[in-house]
S.K.: 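Have a look at this one before I ask anything.
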Number of protein chains: 2
Amino acid sequence: MVYQPSVVLIDDHDLVRAGVRAELGDHVRVVGEAGDVVEAVDVVVETQPDVVLLDVHLPSGTGADVIAGVVARGHDVRFLALSVSDAPDDVIAVIRAGARGYVTKAIPGAELVDAVRRVAEGDAVFSPRLAGFVIDAFSAAIPEPADPELDLLSPREQEVMRLLARGYAYKEIARRLTISIKTVETHASSVLRKLQLSSRHELSSWAARRRIV
Amino acid sequence: MVYQPSVVLIDDHDLVRAGVRAELGDHVRVVGEAGDVVEAVDVVVETQPDVVLLDVHLPSGTGADVIAGVVARGHDVRFLALSVSDAPDDVIAVIRAGARGYVTKAIPGAELVDAVRRVAEGDAVFSPRLAGFVIDAFSAAIPEPADPELDLLSPREQEVMRLLARGYAYKEIARRLTISIKTVETHASSVLRKLQLSSRHELSSWAARRRIV
DNA sequence: CTGCACATCAGGGGTGACCCTGAGCCAACC
DNA sequence: GGTTGGCTCAGGGTCACCCCTGATGTGCAG
């Protein structure tokens, strides 16, 4: 208990805030509270806490709105979402907005203290029921560097390549670029030859891996 | 200290294992140790610990190999990667393999205990330097619900559908399933009709959006 | 027993994808 | 002025894709 992170509580129910205060005990310093979006942004900006414990659903908006408001005021604060909901949509919204973690209100008091301290230190914390979800999403995201092979293609070939990768038929590509089908075929052949691919299907996955489409 | 999770340590350096043991103190029960991949898989399978503290780089392979080995033996154990590296590639590989968290060896002892306990409870835990990275990847990932339309397809049709979505030619699908091309055509037609799609390209993007491939 | 769904295969036909050769036009460069 | 490279188009060919009809055998539920 040498270190007490400062915390602001955002929740529209006084009883919930009181409960959280009680659970947190003297392990953290509660330096502010708020019950709606506008009030919350003000309190957070004024007090600059180490962590904001943030309810996802507020009467005047969402937790994501609060984060957006604080960011818009030019401040960088760590948010830990605290909600009864474990719906993916809620999680996504508030994490996208910038929250560093998400725990449900079913969390035991001691773990909530841990979670707050970890977020204060920069960790990402997720409730067990969400951990698998987060990991799945993480696994699905793929990092990909630059693409020097794209320079092999002439500008027109790159246009055709993008449309090919999206699955457009030659006829449709010809219509969009107002050229003849035969010209599209020529470009398509060049693209496949230069990229050393053998079909538009390979091109599709090639482009998908490179996030070109 | 009422609850002591059982832990197996995997690291090729005896000194590191000794250091981790000392840091963990009596907060956990260390029920096994290993220094290479084969040994590690055996120890984990035998001892069935709550958490495996897993070095990412081993002389005979990687941490991901250990996880793959344990999974291949039909066991489900929670892994927490513990490494000097914070390189994205290392993180991705071991998380993809199934680790529930990743912390660097710079972590203080008390936090390592916390991390182990959280992972034992099902949480996902990440070091501060990786938290931002994880959240970025999470934000980039797209949420997608269930797929009731898949029940429209018979088992065989679903097999064909998956191969079609990956871009395999009819001939290749026939070879893999050891059936005739004509049968593949029949299934493919049924799939497209039932899913109300008109080409394998639409099927590809349909399947990609649903994370089926 | 009788449908019914499923899986398997065949023939035939229309369209798309891909390749090759060949060709004209234009701008840039040596 | 000749050469080079990009963009445009054409003819002709092979193979893949997709649809239709029709057929056989199996297993399962009414």
Side-chain angles (χ1 to χ4, degrees), chain A residues 144-213, chain B residues 144-213:
Chain A
E144 206 67 31
D147 19 75
E149 307 173 74
L150 258 183
D151 296 344
L152 294 173
L153 306 181
S154 72
R156 200 57 159 175
E157 284 166 353
Q158 293 196 18
E159 282 187 81
V160 174
M161 183 272 292
R162 283 182 169 75
L163 295 172
L164 274 175
R166 292 186 191 177
Y168 288 108
Y170 286 177
K171 191 191 297 179
E172 181 64 16
I173 297 176
R175 202 187 56 76
R176 285 175 175 250
L177 301 182
T178 44
I179 56 181
S180 107
I181 293 182
K182 278 300 183 180
T183 306
V184 176
E185 288 188 25
T186 304
H187 289 315
S189 283
S190 303
V191 168
L192 294 181
R193 182 173 33 79
K194 289 183 178 178
L195 298 181
Q196 297 186 316
L197 302 172
S198 64
S199 78
R200 61 180 309 150
H201 309 305
E202 293 182 15
L203 177 60
S204 292
S205 52
W206 182 89
R209 245 184 298 110
R210 257 144 252 255
R211 302 216 167 288
I212 293 174
V213 288
Chain B
E144 206 65 30
D147 18 74
E149 306 174 74
L150 258 183
D151 296 345
L152 294 173
L153 304 181
S154 72
R156 200 58 160 172
E157 285 165 353
Q158 293 196 19
E159 285 186 78
V160 174
M161 182 271 292
R162 283 180 168 77
L163 294 172
L164 274 175
R166 292 186 189 177
Y168 289 108
Y170 286 178
K171 192 190 296 179
E172 181 64 15
I173 297 175
R175 201 186 57 76
R176 284 176 175 252
L177 301 181
T178 44
I179 55 181
S180 104
I181 293 182
K182 278 301 183 180
T183 306
V184 176
E185 289 188 22
T186 304
H187 290 316
S189 283
S190 303
V191 168
L192 294 181
R193 182 173 33 80
K194 289 184 178 177
L195 298 180
Q196 297 185 314
L197 301 172
S198 63
S199 76
R200 60 178 309 150
H201 308 114
E202 293 184 17
L203 176 60
S204 292
S205 51
W206 181 89
R209 246 185 297 108
R210 256 144 253 256
R211 302 210 168 290
I212 293 175
V213 289

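In what follows, every chain begins at residue 1, and chains take the letters A, B, ... in the order their sequences are listed.
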S.K.: To the nearest angstrom, how far is B/L164 atom CG from D/dC19 atom P?
M.R.: 11 Å
S.K.: Working note: B/R156 + B/I179, criterion side chain to side chain contact (heavy atoms under 4.5 Å, CB included); need CA distance, chi angles, decisive distance, verdict.
M.R.: CA-CA 11 Å; B/R156 200 58 160 172; B/I179 55 181; 3.4 Å; yes
S.K.: Could you identify which residues of residues 193-203 of chain B place a heavy atom less than 4.0 Å from some atom of DNA chain C, listed by residue number, or say none?
M.R.: none
S.K.: Using the side-chain hydrogen bond (donor to acceptor under 3.5 Å, both in side chains) criterion, which residues pair with A/S198? Sequence neighbours excluded.
M.R.: A/E202
S.K.: Separation of A/L152 atom CG from D/dG5 atom P, in whole Å?
M.R.: 14 Å
S.K.: Closest-nucleotide mapping onto DNA chain D: is B/L192 or A/L177 further toward the 5' terminus? I mean the 5' end.
M.R.: A/L177
S.K.: May I have all residue pairs that pass ring-ring contact (aromatic ring centres under 6.0 Å, His included) and include part of residues 155-189 of chain A, sequence neighbours excluded?
M.R.: none
S.K.: Does A/L195 reach the side chain of A/L153, with side-chain heavy atoms less than 4.5 Å apart?
M.R.: yes
S.K.: Taking all heavy atoms of A/L192 and all of A/S199, pick out the closest pair and write down the distance.
M.R.: CD2-O, 3.8 Å
S.K.: Over the length of the helix from C/dG3-D/dC28 to C/dC30-D/dG1, how much do the five-pair end axes diverge, rounded to 10 degrees?
M.R.: 30°
S.K.: Rounded at 0.5 Å granularity, tell me how far CG in A/L152 sits from OG in A/S190.
M.R.: 12.0 Å
S.K.: Can you name the atoms? Protein N/O to nucleotides 11-13 of chain D N/O, anything below 3.5 Å, with the distance.
M.R.:
residue: D/dG11; atom: N7; partner: A/K182; partner atom: NZ; Å: 3.2
residue: D/dG11; atom: O6; partner: A/K182; partner atom: NZ; Å: 3.0
residue: D/dG12; atom: O6; partner: A/K182; partner atom: NZ; Å: 2.3

S.K.: Going by the salt bridge (Lys or Arg N to Asp or Glu O under 4.0 Å) test, which pairs reach into residues 172-182 of chain A, not counting sequence neighbours?
M.R.: A/E172-A/R175, A/E172-A/R176, A/K182-A/E185
S.K.: Does anyone know the first and last nucleotide of DNA chain C in reach of chain B, 5' to 3', at under 4.0 angstrom to a heavy atom?
M.R.: C/dC6 to C/dG12
S.K.: Where do N or O atoms of nucleotides 21-29 of chain D meet protein N or O atoms at under 3.5 Å, pair by pair?
M.R.:
none

S.K.: Ignoring hydrogens, what is the shortest heavy-atom contact between A/L164 and A/R200? Give both atom names and the distance.
M.R.: O-NH2, 3.1 Å
S.K.: Test side chain to side chain contact (heavy atoms under 4.5 Å, CB included) on B/H201 and A/R166 and set out the steps.
M.R.: CA-CA 8 Å; B/H201 308 114; A/R166 292 186 191 177; over 6 Å; no
S.K.: Mind checking what makes salt bridge (charged side-chain N to carboxylate O under 4.0 Å, His left out) contact with A/K171, not counting sequence neighbours?
M.R.: none
S.K.: Report the residue (B/L153 or B/T183) whose heavy-atom-nearest nucleotide on DNA chain C is the more 5′ of the two.
M.R.: B/L153
S.K.: Which residues pass the side-chain hydrogen bond (donor to acceptor under 3.5 Å, both in side chains) test with B/S154, sequence neighbours left out?
M.R.: B/E157
S.K.: For B/S205, what residues pass the side chain to side chain contact (heavy atoms under 4.5 Å, CB included) criterion, not counting sequence neighbours?
M.R.: none
S.K.: For D/dG6, does either OP1 or OP2 sit under 4.0 Å from a side-chain N or O belonging to A/S154?
M.R.: no
S.K.: Please determine if a side-chain N or O atom of B/Y170 lies less than 4.0 Å away from the OP1 or OP2 oxygen of D/dC15.
M.R.: no
S.K.: Hey, does B/V184 have a side-chain heavy atom less than 4.5 Å from the side chain of B/L177?
M.R.: no
S.K.: Could you state the CD1-C1' distance from B/I181 to D/dC18, rounded to the nearest angstrom?
M.R.: 14 Å
S.K.: If every non-hydrogen atom of A/A207 is compared with every non-hydrogen atom of A/A165, which pair is closest and at what distance?
M.R.: CB-CB, 3.6 Å
S.K.: Could you measure the distance from the CH2 atom of B/W206 to the CE atom of B/M161? Nearest 0.5 Å is fine.
M.R.: 5.0 Å
